[in-house]
S.K.: 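I am attaching a structure below and will ask some questions about it afterwards.
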Amino acid sequence: MSYFGDLISTVFERRYSSAVSQDAKGRSVTELAHDLLGSHGEVSGSTLARLILDRYSAMGGDEKRAFFEFLTHELEIDPVAVVESLKDYKEAPSERSYRAFALAAEPKRQELIRRLNQVPGATAQLVSMRKDLLALIRDHPDLQPLDVDFKHLFASWFNRGFLVLRPINWESPADILEKIIAYEAVHAIDSWDDLRRRVEPSDRRCFGFFHPAMANEPLIFVEVALTQGVPNSVQDLLADGRAPIAMDAADTAVFYSISNCQDGLAGISFGNSLIKQVAADLARDLPMLKTFVTLSPIPGLNRWLEKQGFSAPQADRNEALAAHYLLEAKRDDGMPIDPVARFHLGNGAMVHAVHAHADTSENGLRQSGGAMVNYLYDLSQIATNHERFVAEKSVAASQDVRTLSASVGPKT
């Protein structure tokens, strides 16, 4: 009976879905969106969601902008209803009055996005949709409220509890390895041989966060080198023909590249959880590792030096200037100007050491004259450093770095 019941149900769903699709042919995507918001059936809802996503995928740029304008302006909250429901809740707090306020305060577009997400593959399509939205916002700032709602939902859907940490190695599926090549944002991977040097040797590791709804799409990944001592050159880490070191000789894990993969998830933080999780797992599995550091770029250094009137390049002073920049260059809110510094310091790391001639690639020379920085992740101090940075905007740094910074004299 169960088999025949499932068979009858499947036939019914297909016929009903086909009828809904046929009826929707002459309706606009905005009409379908209203239909989806008014739908209470699982089959009709899924069918409408698929139709809307398919229609969106076929849209050109102007049509996408019009769709976003519809979501922003026609599926907005009603301010009067929000104020009145809040007044009711204030005067008579109850489960009923609070529910009424919560419903009034949530724009209909949030519920529409949730309903769109009920079909297979929808999560990745919605991430791509936000990527399109972000590309339009600079010229169309009126769309920003819609992005607030996307970001609110994505922060919930992609929170740490749903993410899966997976190792990436030479045995990983080819489609994932291809994406690692494509998404690498710090030190370009120029061939399959280059990728192999980063993920196959015994003293190299790569880890990525994945989401169950996007199982073959890395959200973010980090590349790790196991070394003896703290490195001062990315060229040495990535050298062709490099001989792997013996595992019992390694005492340091170096996070030398971390790349976000999904433009549509901009502003959703994964990197802080990723580095801490990988560091903790490596410390557990490889107890001979005692030091956890990055070898990080300093992307804003040369721009800042030029604005400050320092002549560039200044090879003999590059380390001191880099140290001074990392410790003293601040935004109006008191946070470091450098985005990589803000990330790692906010994550609980400290500025451990700076190195001249550490990245002699074209990009490295252009952005920092080749200087790079080690951020140290002392697992016993991460929480303290993080709290001091957030509360006091205090930059944790080694004494060597502070001495270098203090040595910077007048502009020349």
Side-chain angles (χ1 to χ4, degrees), residues 28-30 33 52-53 55-77 79 106-114 116-117 122-158 179 182-186 188 211 214 217-220 258-272 296-307 329-344 346 362-363 366-368:
S28 69
V29 70
T30 57
I52 293 169
L53 291 170
R55 291 270 189 96
Y56 178 84
S57 295
M59 289 179 181
D62 290 341
E63 292 173 300
K64 288 181 178 180
R65 189 184 76 246
F67 180 64
F68 291 146
E69 288 174 346
F70 158 73
L71 296 178
T72 302
H73 302 299
E74 294 190 39
L75 300 183
E76 179 61 282
I77 60 171
E106 180 179 282
K108 292 179 181 178
R109 55 180 173 257
Q110 277 196 26
E111 180 60 21
L112 178 68
I113 295 169
R114 288 194 194 95
L116 289 174
N117 196 41
T123 304
Q125 289 180 275
L126 290 168
V127 170
S128 179
M129 187 182 291
R130 183 174 180 243
K131 177 183 177 180
D132 295 338
L133 174 63
L134 292 173
L136 287 169
I137 279 180
R138 178 173 296 181
D139 294 328
H140 303 277
D142 61 306
L143 300 178
Q144 288 176 342
L146 173 58
D147 185 53
V148 171
D149 289 320
F150 263 113
K151 190 173 179 181
H152 169 74
L153 291 171
F154 285 176
S156 175
W157 297 353
F158 290 90
K179 287 165 184 171
Y183 291 139
E184 166 58 61
V186 183
H211 190 279
M214 299 170 63
E217 279 286 343
L219 307 180
I220 188 172
I258 183 166
S259 299
N260 286 294
C261 305
Q262 308 297 325
D263 291 342
L265 293 175
I268 309 300
S269 179
F270 306 118
N272 54 356
S296 298
I298 313 176
L301 176 58
N302 278 358
R303 284 197 307 272
W304 182 80
L305 290 176
E306 291 172 6
K307 288 182 180 179
K330 304 294 180 62
R331 303 188 308 192
D332 291 341
D333 63 0
M335 288 294 184
I337 287 177
D338 193 83
V340 178
R342 288 197 304 274
F343 171 77
H344 288 295
E362 181 180 347
N363 185 56
R366 181 177 61 253
Q367 64 184 10
S368 65

S.K.: One pair to check against side chain to side chain contact (heavy atoms under 4.5 Å, CB included): D132 and F68. What are the steps and the verdict?
M.R.: CA-CA 10 Å; D132 295 338; F68 291 146; 4.2 Å; yes
S.K.: Using 30° and 60° as the class boundaries, would you call the ring planes of F158 and F154 parallel, tilted or perpendicular?
M.R.: perpendicular
S.K.: So, do D338 and W304 sit near enough that their side-chain heavy atoms are less than 4.5 Å apart?
M.R.: no
S.K.: Could you report the tightest heavy-atom contact between I337 and R342, atom names first, then the distance?
M.R.: O-NH1, 2.7 Å
S.K.: The test is side chain to side chain contact (heavy atoms under 4.5 Å, CB included); show your working for L305 and L301 and say whether it passes.
M.R.: CA-CA 6 Å; L305 290 176; L301 176 58; 4.0 Å; yes
S.K.: Would you please test Y56 and E63 for side chain to side chain contact (heavy atoms under 4.5 Å, CB included) and show each step?
M.R.: CA-CA 8 Å; Y56 178 84; E63 292 173 300; over 6 Å; no
S.K.: Which atom names give the shortest non-hydrogen contact between S296 and H344, and what distance separates them?
M.R.: OG-NE2, 3.6 Å
S.K.: So how far is it from N260 CG to I268 CD1, rounded to the nearest 0.5 Å?
M.R.: 10.5 Å
S.K.: Rounded to the nearest 0.5 Å, what's the gap from CD on E111 to CG on D149? Could you check?
M.R.: 12.0 Å
S.K.: What I'd like to find out is whether the side chain of P107 reaches to under 4.5 Å of the side chain of I77, using heavy atoms alone.
M.R.: yes
S.K.: Grab the two heavy atoms, one from L126 and one from I113, that are nearest each other, plus how far apart they are.
M.R.: CD1-O, 3.8 Å
S.K.: With sequence neighbours left out, write down each residue that passes side chain to side chain donor-acceptor pair (under 3.5 Å) with R331, or none if nothing qualifies.
M.R.: D333
S.K.: Take V29 and M59 through the test side chain to side chain contact (heavy atoms under 4.5 Å, CB included) and record every step on the way to the result.
M.R.: CA-CA 10 Å; V29 70; M59 289 179 181; 3.6 Å; yes
S.K.: With a 4.5 Å cut-off on side-chain heavy atoms, are P339 and P299 touching?
M.R.: yes
S.K.: Taking all non-hydrogen atoms of both residues into account, name the closest pair between L134 and A266 and its distance.
M.R.: CD1-CB, 4.0 Å
S.K.: Taking NZ, NE, NH1 and NH2 as the nitrogens, is one of them in K64 or E69 under 4.0 Å from a carboxylate oxygen of the other?
M.R.: no
S.K.: Are any non-hydrogen side-chain atoms of F270 and I258 less than 4.5 angstrom apart?
M.R.: no
S.K.: Hey, could you give me the CZ/CD distance between F150 and Q110, rounded to the nearest 0.5 Å?
M.R.: 10.5 Å
S.K.: Counting only heavy atoms from other residues, nucleotides and ligands, does the tally under 6.0 Å from NZ of K108 exceed 12?
M.R.: no
S.K.: Could you measure the distance from the CG atom of L146 to the CD1 atom of I137? Nearest 0.5 Å is fine.
M.R.: 7.0 Å
S.K.: Should K179 and E184 be marked as a salt bridge (charged side-chain N to carboxylate O under 4.0 Å, His left out) after you check the CA-CA gap, both sets of side-chain angles, and the distance that decides it?
M.R.: CA-CA 8 Å; K179 287 165 184 171; E184 166 58 61; over 6 Å; no
S.K.: Let me confirm one number: the NE2-CG distance from H73 to L143, rounded to the nearest 0.5 Å.
M.R.: 6.0 Å
S.K.: Nearest 0.5 Å, what's the CZ-CG distance between R109 and L116?
M.R.: 14.0 Å
S.K.: How close do Y183 and S259 get, counting heavy atoms only, and between which atoms?
M.R.: O-CB, 3.6 Å
S.K.: Do L219 and C261 touch side chain to side chain, with heavy atoms closer than 4.5 Å?
M.R.: no
S.K.: Is it true that a side-chain atom of S128 and a backbone atom of A124 form a donor plus acceptor pair closer than 3.5 Å?
M.R.: no
S.K.: Could you point out which residue of R130, E217, K131 forms a side-chain hydrogen bond (donor to acceptor under 3.5 Å, both in side chains) with Q262?
M.R.: E217
S.K.: Regarding Q367 and N302, is there a side-chain donor-to-acceptor distance under 3.5 Å anywhere?
M.R.: no
S.K.: Tell me, please, which residues at least two apart from R366 pass side chain to side chain donor-acceptor pair (under 3.5 Å).
M.R.: N363
